[in-house]
Protein chains: 2
Amino acid sequence: MAETVLSSGLEDYLECIFNNIEKNGSVKAIEISKELGVSRASVTDALHRLAEKQYINYERYGKIEITKKGTEKAKEVIDKHVILTNFFETILNLNHEEASENACRIEHVITKNAFKNLKEFTQQHK
Amino acid sequence: MAETVLSSGLEDYLECIFNNIEKNGSVKAIEISKELGVSRASVTDALHRLAEKQYINYERYGKIEITKKGTEKAKEVIDKHVILTNFFETILNLNHEEASENACRIEHVITKNAFKNLKEFTQQHK
DNA sequence: TATGGTTGTTAGTCGTATCTAACATTTATA
DNA sequence: TATAAATGTTAGATACGACTAACAACCATA
């Protein structure tokens, strides 16, 4: 139980779930499917894996709910996403879309320290 | 044939192969295995996949040779690795090891533009 | 040159992540 | 409320990338 490491892929699903619940109060698998550009079947798989690791509560045909653990994780990922996007926009002068694209790729792999220093650097040079 | 996209994993193998050939004139599977921390069997698998995509020439029990295509790709990856390591060391003040670790993770996912701008930025601020 | 140690390969397994096609359930509406 | 459309699930396939265990080939040396 209680895995501490989440693959890039699952982090993306979790991020999407969190954002949709924040915005609309709920999420549907088909929304995740469309936003992430994957099949409905892949979403079902991912929901199983996330539920198994207790990042969400989920039952067959049931409502998708995010747990406390899931919320914390999602916020972490989103925090990284925002800071990284900001870095690529303001420091490296990329347009928002490409900045976000790079953030999305890097947020899953950058180390804690590197992110911390990048965050400080960005704050000091804005 | 002739795949243009190479997975992170295979890029690591190719980088390792190139570096060893540069340094010693040849590579052995067991060296790759030790440097990348994977089993000898995984190396054999990777060699098959790299050969299939024509980044290396390779035959059962034979010498591992890197092709022109492989050399170009390896140089690209290594260029990214060096610049990124430099960025994390000089701009974000990480020690060499952690800088290199982050470079290794990010070199496979950063976009062309983002890398170009990061390279220029690093050059201007050293 | 026979033999043992080193290195390389194969076969089989596992987990992740994706897909399509077929089927099940839910929801909306005629 | 019956039916159709939308949504969700399952089963089965594929690919990647890793592993162990067993076997094959190579090479050094006694």
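Lettering follows sequence order; numbering is per chain, from 1. All values below were derived from every heavy atom in this structure, side-chain atoms included, with hydrogens, water molecules and symmetry-related copies excluded.
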Round to the nearest Å and state the distance from [X] atom [atom1] to [N] atom [atom2].
| X | N | atom1 | atom2 | result |
| --- | --- | --- | --- | --- |
| A:L47 | D:dT7 | CG | C1' | 13 Å |
| A:H48 | C:dA17 | NE2 | C1' | 15 Å |
| B:Y61 | D:dC26 | OH | P | 7 Å |
| A:K28 | D:dA5 | NZ | P | 17 Å |
| A:R40 | D:dA11 | CZ | P | 17 Å |
| B:I32 | D:dA18 | CD1 | P | 12 Å |
| B:H108 | D:dG17 | NE2 | P | 11 Å |
| B:L10 | D:dG17 | CG | P | 5 Å |

Looking at [X], does any N or O in its side chain come under 4.0 Å of the phosphate oxygens OP1/OP2 on [N]?
| X | N | result |
| --- | --- | --- |
| A:S39 | C:dC19 | yes |
| B:R60 | D:dA24 | no |
| A:Y13 | C:dT18 | yes |
| A:Y58 | D:dT9 | yes |
| A:R49 | C:dA17 | yes |

inquiry  = Which nucleotide wins on minimum distance to the side chain of B:A41, given the candidates C:dG8, D:dA21, C:dT16?
reply    =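 Of the options given, the side chain of B:A41 lies nearest D:dA21.
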query = Choosing from C:dG8, C:dT18, D:dT7, which nucleotide comes nearest the side chain of A:S42?
reply =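 My answer, after comparing the listed nucleotides, is C:dT18.
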task = Find which nucleotide of DNA chain C each of B:K34 and A:V38 is nearest to by heavy atoms, and output the residue with the more 5' nucleotide.
result =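 Between the two, 5'-proximity favours B:K34.
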Given side chains that start at C-beta, do those of [X] and [Y] come closer than 4.5 Å, heavy atoms only?
| X | Y | result |
| --- | --- | --- |
| A:Y55 | A:R49 | no |
| B:E65 | B:Y58 | no |
| A:H108 | A:K80 | no |

Taking any heavy-atom pair under 4.0 Å as a contact, classify [X]: base, sugar-phosphate, or nothing.
| X | answer |
| --- | --- |
| B:G37 | sugar-phosphate |
| B:A29 | sugar-phosphate |
| B:S7 | sugar-phosphate |

query = Should B:E31 and B:N24 be marked as a side chain to side chain donor-acceptor pair (under 3.5 Å) after you check the CA-CA gap, both sets of side-chain angles, and the distance that decides it?
reply = CA-CA 11 Å; B:E31 294 163 355; B:N24 312 318; 4.8 Å; no
message = So which atom in B:K28 and which in B:I64 form the shortest heavy-atom distance, rounded to 0.1 Å?
response =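 For B:K28 versus B:I64, the nearest heavy atoms are C-CD1, 4.5 Å.
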